[in-house]
Amino acid sequence: LVGTLELPGAVALAYDDAGMRLFAGTRSGEIRQIDTTQLDGLRASDPVDVDSGAFMTVHGQIRQLFSTNDGSRLVAVLEPSGDGDARNIEPVVVLNTDAATELGTAQLTDVRQITESTSGRVLVGTGSGIAVLDTDSGTVASTLDVGGPVHGLVAIRDIENDPIYASVMTAKGPIIQVVIAESGKDVRKDATFPLPGSTAGRAFFDQAARMVHVEGSVPNGHDGAGSD
């Protein structure tokens with residue numbers, strides 16, 4: 001541990017690798033930014049106090065943050081503010097990080113995970129499939145029905161077609177739907193394969209091991225990891 005930051009109400013983080021800054025979102029809608037270069041070379045025995053700067057504030061309680069690969073856009077998913085049929089509709093706000101301005105807001109249902117393809121498309125896993133965001137206007141450019149709600153979404157790089165893996169909860173059980181998002185072409189479905197167990201969760205790509213990890217459940221009759 002090299003540093004700490006007191007930030008009451010912080011609930012979401014996103015890292016801008018290109019700009020070497022960390023964004024932190026709070027329940028009040030405030031977004032703070034931390035210059036991570038201030039931690040370079042620290043080898044003190046006690047953690048230091050880390051400074052954060054004001055970035056901007058959105059109108060709602062932040063639930064999730066996502067930074068694009070080039071750091072030019074930040075996506076903030078807000079908690080639903082409606083009642084009844086609107087209780088699962090979440091505002092998804094696209095921000096220009098260079099100008100610290102709000103570009104637009106899409107209204108999406110049950111947002112679970114966000115990823116970016118190697119072609120620069122930002123895809124959002126929702127309760128009705130995959131939404132592709134227009135990051136210039138903050139609106140939905142297109143949608144893709146994958147047979148059920150998407151519970152996990154992760155882009156893979158440096159393999160053929162650089163696919164996106166979506167974990168989907170279908171009527172027949174959890175599956176992985178492979179999606180291709182090539183530059184200049186419509187986002188399309190590719191192969192599918194079933195997941196073990198009864199749930200589909202978030203998905204993550206381990207670049208070093210070149211493996212996709214998906215949160216799920218242990219099938220009936222099988223011991224969990226670490227069982228004798």
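The structure presented is a predicted model; accordingly, all values stated were derived computationally and were not measured. Positions are given from 1, in the same order as the sequence printed here.
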Are L144 and V124 linked, directly or through other ILVMFWY residues, by side chains that come within less than 4.5 angstrom of each other? no

Answer whether the closest heavy-atom distance between the side chains of [X] and [Y] falls below 4.5 Å.
{"X": "P80", "Y": "I89", "answer": "no"}
{"X": "T26", "Y": "V11", "answer": "no"}
{"X": "F205", "Y": "M211", "answer": "no"}
{"X": "D162", "Y": "S117", "answer": "no"}
{"X": "D134", "Y": "V140", "answer": "no"}
{"X": "R202", "Y": "H151", "answer": "no"}
{"X": "I164", "Y": "V178", "answer": "no"}
{"X": "I34", "Y": "D51", "answer": "no"}

Report the C-alpha separation of I62 and R27 in whole Å, then their side-chain angles, then the decisive distance to 0.1 Å, and conclude whether the side-chain contact (heavy atoms from CB on, under 4.5 Å) test is met. CA-CA 6 Å; I62 295 172; R27 291 189 180 91; over 6 Å; no

Hey, is the main chain of [Y] close enough, under 3.5 Å, to the side chain of [X] for a donor-acceptor pair?
{"X": "E79", "Y": "Q61", "value": "no"}
{"X": "T115", "Y": "L123", "value": "no"}
{"X": "T4", "Y": "D49", "value": "no"}
{"X": "T36", "Y": "M20", "value": "yes"}

Please output the side-chain donor-acceptor pairs of residues 99-109 that fall under 3.5 Å, not counting sequence neighbours, one pair per line with the distance.
unit_1: E102; atom_1: OE2; unit_2: T105; atom_2: OG1; d: 3.4

Sequence-distant partners of N69, side-chain hydrogen bond (donor to acceptor under 3.5 Å, both in side chains), two or more places apart: E116

Partner set under salt bridge (charged side-chain N to carboxylate O under 4.0 Å, His left out) for D136, not counting sequence neighbours: R73

Please name all residues satisfying salt bridge (charged side-chain N to carboxylate O under 4.0 Å, His left out) with R112, sequence neighbours left out, ordered by chain then number. none

Taking the basic N atoms (NZ, or NE/NH1/NH2) and the acidic carboxylate oxygens, is any pair closer than 4.0 Å for R21 and D16? yes

Could you grab the distance from atom [atom1] of [X] to atom [atom2] of [Y], nearest 0.5 Å is fine?
{"X": "I130", "Y": "Q113", "atom1": "CD1", "atom2": "CD", "answer": "11.0 Å"}
{"X": "I159", "Y": "T118", "atom1": "CD1", "atom2": "OG1", "answer": "10.0 Å"}
{"X": "F66", "Y": "L95", "atom1": "CZ", "atom2": "CG", "answer": "13.0 Å"}

Would you tabulate the side-chain donor-acceptor contacts of residues 183-196 under 3.5 Å, counting partners in other chains and residues two or more places apart, or write 'none'?
unit_1: K189; atom_1: NZ; unit_2: D145; atom_2: O; d: 3.3

In this structure, are over 12 heavy atoms from other groups packed under 6.0 Å from E6 atom CD? no

H59 atom NE2, over 12 foreign heavy atoms within 6.0 Å: no

Does L7 form a side-chain contact (heavy atoms from CB on, under 4.5 Å) with R32? I'd like the steps, not just the answer. CA-CA 9 Å; L7 191 58; R32 308 283 297 179; 3.8 Å; yes

For F55, what residues pass the ring-ring contact (aromatic ring centres under 6.0 Å, His included) criterion, not counting sequence neighbours? F23

